[in-house]
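As structure tokens, the structure follows; a few thoughts come after it.
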Amino acid sequence: MPNERARALRRNQTDAEKKLWSVLRRDQLGHSFRRQHPMGPYIVDFICLQARLVIEADGGQHSDDRAEHDAKRTAWLEARGYKVLRFWNSDILQNIEGVTEVIRISLEESR
């Protein structure tokens, strides 16, 4: 079940997901976000439904199989009108201000 899997993912967030969620959940960017949200066959890390923005936190260098999966996932979301931003966990952990600025700009562009 996607909802059960999403709940499990919420309980077991990575350090990077926790850090990013601490910014997104406070509504500091003027938009409401959800985390670990089911979208068709996928569960996205973070989503702002109002701005049609998906944010993915990627763990590390992906294998070719994982990169292919991410590309299919991104294409599926974009075909439904969502913009997808991907950030490496290391970028989130080491440069949350820069990551937040990229998100802020994308939200402004969506208006």
Side-chain angles (χ1 to χ4, degrees):
M1 295 293 223
N3 288 330
E4 290 174 19
R5 185 165 172 255
R7 280 191 288 276
L9 289 169
R10 281 185 216 115
R11 284 191 303 271
N12 298 305
Q13 286 186 345
T14 66
D15 289 342
E17 289 170 334
K18 288 176 188 175
K19 188 166 193 167
L20 186 53
W21 182 238
S22 74
V23 172
L24 298 176
R25 78 164 183 255
R26 291 189 189 130
D27 200 23
Q28 294 176 353
L29 300 172
H31 287 77
S32 178
F33 282 85
R34 297 178 183 189
R35 64 187 169 128
Q36 305 302 335
H37 184 73
M39 294 285 297
Y42 304 106
I43 297 175
V44 299
D45 291 335
F46 305 98
I47 187 168
C48 176
L49 295 169
Q50 174 189 8
R52 302 190 68 77
L53 177 65
V54 171
I55 302 169
E56 297 282 62
D58 293 333
Q61 294 296 78
H62 286 182
S63 67
D64 289 340
D65 289 344
R66 183 65 189 180
E68 184 177 319
H69 173 77
D70 287 347
K72 286 180 184 177
R73 176 184 178 115
T74 296
W76 188 91
L77 291 162
E78 288 175 344
R80 283 146 186 86
Y82 288 88
K83 180 175 182 175
V84 179
L85 297 178
R86 290 186 173 280
F87 299 99
W88 293 115
N89 284 355
S90 59
D91 290 337
I92 295 167
L93 293 170
Q94 297 169 13
N95 185 19
I96 192 65
E97 295 83 12
V99 167
T100 302
E101 185 60 21
V102 171
I103 296 168
R104 183 184 327 278
I105 290 167
S106 289
L107 289 169
E108 288 174 6
E109 290 173 349
S110 74
R111 291 181 187 187

dist R73:CZ -> I43:CD1 (nearest 0.5 Å) comes out at 8.0 Å
To the nearest 0.5 Å, what is the distance between CG on D58 and CG on D45?
7.5 Å
A51 versus S110, closest heavy-atom pair with distance:
CB-OG, 3.3 Å
Do V44 and L49 sit in the same hydrophobic cluster, where Ile, Leu, Val, Met, Phe, Trp and Tyr count as joined when their side-chain heavy atoms come under 4.5 Å apart?
yes
With a 3.5 Å distance limit and no angle check, can you tell me whether H37 reaches the backbone of R35 through a side-chain donor-acceptor pair?
no
Who pairs with Q94 by side chain to side chain contact (heavy atoms under 4.5 Å, CB included), at least two apart in sequence or on another chain?
S90
Pairs of donor and acceptor atoms involving the side chains of residues 74-82, under 3.5 Å and at least two apart or interchain, shall be tabulated with distances.
| from | atom 1 | to | atom 2 | distance (Å) |
| --- | --- | --- | --- | --- |
| T74 | OG1 | D70 | O | 3.0 |
| T74 | OG1 | R86 | NE | 3.4 |
| T74 | OG1 | R86 | NH2 | 3.3 |
| R80 | NH1 | W76 | O | 2.8 |

Between F46 and L53, is any pair of side-chain heavy atoms under 4.5 Å apart?
no
With K83 via side chain to side chain donor-acceptor pair (under 3.5 Å) - residues at least two apart
S106, E109
same_hphob_cluster(W21, V102) at 4.5 Å side-chain heavy-atom cutoff
yes
Do you reckon L85 sits in the same ILVMFWY cluster as L93, going by side-chain contacts under 4.5 Å, direct or chained?
no
Minimum heavy-atom separation for I92 to A57, with atom names?
CD1-CB, 3.7 Å
With salt bridge (charged side-chain N to carboxylate O under 4.0 Å, His left out) as the rule and sequence neighbours excluded, what pairs involving residues 93-102 come up?
E101-R104
